[in-house]
There are 2 protein chains.
Amino acid sequence: MRTRPLKVALLGCGVVGSEVARIMTTHADDLAARIGAPVELVGVAVRRPSKVREGIDPALITTDATALVQRGDIDVVVEVIGGIEPARTLITTAFENGASVVSANKALLAEDGAALHAAAEKYGRDLYYEAAVAGAIPLVRPLRESLAGDKVNRVLGIVNGTTNFILDKMDTSGAGYSEALDEATALGYAEADPTADVEGFDAAAKAAILAGIAFHTRVKIGDVHREGITEVTAADIASARRMGCTVKLLAICERAADGRSVTARVHPAMIPLSHPLASVREAYNAVFVEAEAAGQLMFYGPGAGGSPTASAVLGDLVAVCRNKLGEATGPGESAYTRLPVSPMGEVVTRYHISLDVADKPGVLAQVATVFAEQGVSIDTVRQQGKDGEASLVVVTHRAPDAALSGTVEALRKLDTVRGVASIMRVEGE
Amino acid sequence: MRTRPLKVALLGCGVVGSEVARIMTTHADDLAARIGAPVELVGVAVRRPSKVREGIDPALITTDATALVQRGDIDVVVEVIGGIEPARTLITTAFENGASVVSANKALLAEDGAALHAAAEKYGRDLYYEAAVAGAIPLVRPLRESLAGDKVNRVLGIVNGTTNFILDKMDTSGAGYSEALDEATALGYAEADPTADVEGFDAAAKAAILAGIAFHTRVKIGDVHREGITEVTAADIASARRMGCTVKLLAICERAADGRSVTARVHPAMIPLSHPLASVREAYNAVFVEAEAAGQLMFYGPGAGGSPTASAVLGDLVAVCRNKLGEATGPGESAYTRLPVSPMGEVVTRYHISLDVADKPGVLAQVATVFAEQGVSIDTVRQQGKDGEASLVVVTHRAPDAALSGTVEALRKLDTVRGVASIMRVEGE
C-alpha cells in the first residue's frame, strides 16, 4: 500500500459534509485498505468558520473555497454545498487544478451537467455524483455501469422522501394535505419552506439526471414536466384506494415506443397496490428500472439524510481515489444518443377524472361524446348520485397527454359538468 | 472512438451464452459507443458443435476452449460454462494469455475465488462476476464500489428463484412442498434434478460470494451453514401466517456484534409480512443490505434466466473493455479484514418451535424448565388441545443457535413431548 496520502478537500460542512468528515476519520483504516493509500482531509471550506465542528481540526477550516481548490495539490474535491454558484465555478476550478470531483449537487448536475462533464473530460478528471440522486441508494453506478450492456426503456421512481412521507401519511391516516405537511415539518421531514420538495423541483432535478444516464442523452431540469403534490386531496387518495391503487409522486423517464425520443416528468399518480413502488413507506425512496434484457429491477433505501448521503459520497470517493492511483478515470458522460426530449403532450398515459355533474339523464352520453371526439377511449365509468348532484369517475385507456388534457378542457365547457373535482394520471400497470 | 475492435471469446453457448452473443450482435453500435471501441466476438467454445445456433457465425464455433483462450490476442474472455473444471483452468489460462475475464460462475467463485483473484492480480487482469449472484440485479458492483466507503453489517437475501417460487406457491395456494415443486418443474422454474436449488447449494454459493464482498474477507461455500426447503410443510407456512410472517429461503451474512468474526448461512426462515423481502413473489430475487451509514437498502429483480444474466455479463463486459482501453484494471479482491467465519452454533437468532405434547397439567412447566436450563428466554407460547393431544408453539427470544438446538434436543427427551413437529428460525425483525 502506498503510504503517501491522497489529499481531499471538502466544500461545505453541513449535515452531509460533517458526516463525510467524521467517517473519513473514524474509518480511515478501512478506507485506506480499500483504496490502496490513506486519504487525508486537507481543508474544509465553510461559510461560518466560527461554528463549532466536532471532530474536525479547526486548522482545516477556511472560508476561502476558491483558494482551497486552487492549491494544486488536491487529489479529490468533495462538493456538498449545493446550488448552482459558487459550486459550478469551484468544481471547474478544481478540474483545472488537478483534482477530480465527487458531488452531491443535483440542482447543478440537472442544470449544467453537460458542461461539467465536458470540463472533467477536457482535464482528464473524474466527476462522480452518486449522492445527487436518491441518497444512499446505488443508482447512478448501476445505471452507468451495471446496465451499460443493456437498453433501459423506463425509469419510474419515488425520489423525494418528503413528498412520499406526506402522501403515505395521507394514505394511512386519511389526513388532508396541510395536516400531513404539518406532521412532516414537525418531524423534520419537510423544511420550513417546503417548496422545492412539494412542488416537485427536487424530484425534477433527479428525473433529469436519471433520464440522461438511462438513455445516454442529455436532459436538463427544464425539459422535465413538473407537477407537485399540493393539490392532492384526501378524496383523491380515497378514490385511488377504491381502484386498488395508492398515490405517489413519481419521476418517470421513458423512451418513446419508436425509440427516437425520450420523456421525463414528475407528477402525482395512482399506482396499483400490487406494484413494488406502492409499498414504499414514509420517507424512503425507490426506483424501478425496466431494461430490455434485465427486465424489472428495483432499488430501495433512504433517499436523504446526512449519513446515507455521506455513504454515497464516500463510495464515490473510494472509486475516484482508486482511479487516481491507477492514473485512470472512470466512465465519463455517455450522451451519444442525443435523443430529443418530447413535450408532455406526447407522453402516453391514462387519466383518472372525477367530475361533479348534474344528476339528470343524458349526462353520461354527453360526457362520453366529448371523450370520443378527442379520440380518448374510456376504460371504466362510475356514477354516484345524491340530492340532484352526481359525480362521475372516468378512467381512460392510454392516450397522448395532449388528447387527455384537451378532453378535460372540453368537459369543463359542458353545461352539465359543474366542475372537474380532480384529475390524476394512472401509472405502473 | 478507436476503430480497432476489442476481441471477445465466449466460453459456453447455452441459455446465457447465446443471449450474450445475440445482444453483442444486435446492440453492437450501442456497446461500441459506451465502450469507446467496437467489440468483436472472435470465438465461441462449445461442447456440441453440431447444434444449430441462430445468429452465430458457424466459423466462430470451436470445441477447443483451451486453444481459444491461448490465442494471445483475446482482450476479454466471457466464461458461462459453470462448474469447477474446466472453467477454473480456462480462466487462469486466459489471465496468463493477456485476457481479462467476465464470469457468471458462482460455484467456482464460491469455491476458489481467492485463487482466481490472485491470478488476476498477478497478471494485471480484471475478474468481474456480477452475473454470479442474483442474475441481473446489480449487487456485486454496488457492494464492491457504491458501499466501498461504508461498513456493511448484514446482508439478507432471497437469492434463489426456484425455492422462492415454491415457497410463494405454498404460501398463496396452501399447497404442500411436493405439489409446489411439481408446479415449479412444469413451469420450468425447477430443473429435473432440483437438488442444487431446493437443498440450498445454489444459495450457499451466492451467500459465500456476498459475505466475502460485504465484509472484505474470504468466505468459501464450505463455510456457509446450509439447510434446504424440502422439509418445509404447509403447517409451517400456516404457523408463519398466524404470526404475521411468511416463510422464505434466506441467505444471511452477518458481522458479529463485536466485529471480530462473520457468519454466513442459508436456511428457511419466517420473516414478518411487513419486511420488504416478504413481498418478493414468484421467482424474483431481492437482497436487503444493512450498512452503518447508508441504512437499509434493497435490490430487487429477476435472479436468473438467459436475458437477465446476459445483461449482467454485458455490463461487466463494457466495464472490463473500458478498463482495457484505459490500460487500467477495476477494483480487485478486497479481503484485507481476514475475519474468521464462526460456526452456526454462534449465530444469534430466534426459533419458532412446534411441539406435539400430552394434554395434561404440568407440561408447559416442564417445557419451560428445559428452556430455562438452556438459557433460552421464551417470547410467546401458544397452547392448543384436543382429544388428549395438544400442541405447543413456542417462539423464543434471541439466543445462540447452539443453545436453541440444545433446547430442542432436550425437549425431545421429555416423556410428555411426543414429537417436535417443526423448528424454524425467525428473522428480519
Side-chain angles (χ1 to χ4, degrees), chain A residues 19-20 23-24 27 30-31 33-35 130 135-142 145-151 216 276 279 284 286 288-289 291-302 305-308 310-319 322-323 326-331 334 336-337, chain B residues 19-20 23-24 27 30-31 33-35 130 135-142 145-151 216 276 279 284 286 288-289 291-302 305-308 310-319 322-323 326-331 334 336-337:
Chain A
E19 191 62 11
V20 168
I23 297 173
M24 281 184 68
H27 291 22
D30 278 321
L31 292 172
R34 295 171 194 181
I35 290 166
E130 182 65 77
I137 311 174
L139 207 54
V140 175
R141 188 173 275 103
E145 304 182 38
S146 306
L147 291 167
D150 206 332
K151 186 175 180 185
H216 299 267
S279 53
Y284 274 87
F288 198 74
V289 176
E292 198 176 82
Q296 301 185 324
L297 304 172
M298 191 172 78
F299 304 80
Y300 165 96
S307 287
S311 171
V313 166
L314 285 160
D316 279 353
L317 180 66
V318 169
R322 278 175 181 160
N323 291 344
E327 293 176 6
T329 52
S334 174
Y336 68 92
T337 65
Chain B
E19 191 62 10
V20 168
I23 297 174
M24 281 183 68
H27 290 25
D30 278 321
L31 292 172
R34 294 171 195 182
I35 291 167
E130 183 65 76
I137 310 173
L139 207 53
V140 174
R141 187 174 276 103
E145 304 183 39
S146 306
L147 291 167
D150 206 331
K151 185 176 180 185
H216 299 267
S279 54
Y284 273 87
F288 198 75
V289 176
E292 198 176 81
Q296 302 185 324
L297 304 172
M298 191 172 79
F299 304 81
Y300 165 96
S307 287
S311 171
V313 166
L314 286 160
D316 278 353
L317 180 66
V318 169
R322 278 174 180 161
N323 291 345
E327 293 177 4
T329 51
S334 174
Y336 67 92
T337 65

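Because the structure is predicted, anything quoted here is derived from the model rather than measured. Order of the sequence lines fixes the chain letters, A, B, ..., with proteins taken first and strands second; residue numbering starts at 1 for each chain.
- A 4.5 Å side-chain heavy-atom check between B:Pro276 and A:Ser279 finds every atom pair outside the cut-off.
- If you tally non-hydrogen atom pairs under 4.5 Å between each of A:Gly326, A:Ala33, A:Ser334 and chain B, the highest count goes to A:Ala33.
- For the pair B:Glu145/A:Glu145, a side-chain contact is recorded, criterion being any heavy-atom separation below 4.5 Å from C-beta on.
- Residue A:Leu31 touches chain B through its side chain alone, counting heavy-atom pairs closer than 4.5 Å.
- Of the residues considered (A:Leu139, A:Ile137, A:Leu314, A:Val289), A:Leu314 shows the highest number of contacts with chain B, using heavy-atom pairs under 4.5 Å.
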Take B:Arg141 and A:Ser146, measure what side chain to side chain donor-acceptor pair (under 3.5 Å) needs, and give me the verdict at the end.
CA-CA 7 Å; B:Arg141 187 174 276 103; A:Ser146 306; 3.2 Å; yes
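- You'll find the side chain of A:Gln296 stays beyond 4.5 Å of the side chain of B:Pro302, heavy atoms only.
- Ranking B:Gly301, B:Ala312, B:Ala294 against chain A, the residue ahead of the rest is B:Ala294, based on heavy-atom pairs under 4.5 Å.
- When all heavy atoms of A:Ile23 and B:Gly149 are compared, the closest pair comes out as CG2-O, 3.9 Å.
- Interface summary for chain A: among B:Asp30, B:Val20, B:Thr337, the most heavy-atom pairs under 4.5 angstrom belong to B:Asp30.
- When each of B:His27, B:His216, B:Glu292 is scored by its heavy-atom pairs under 4.5 Å with chain A, the top score falls to B:His216.
- You'll find the side chain of A:Leu297 stays beyond 4.5 Å of the side chain of B:Phe299, heavy atoms only.
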Check step by step if side chain to side chain contact (heavy atoms under 4.5 Å, CB included) holds for B:Glu327 and A:Glu327.
CA-CA 9 Å; B:Glu327 293 177 4; A:Glu327 293 176 6; over 6 Å; no
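- Of the residues considered (B:Ala136, B:Pro142, B:Pro308, B:Ala328), B:Pro308 shows the highest number of contacts with chain A, using heavy-atom pairs under 4.5 Å.
- If you tally non-hydrogen atom pairs under 4.5 Å between each of A:Ser311, A:Gly135, A:Gly305 and chain B, the highest count goes to A:Ser311.
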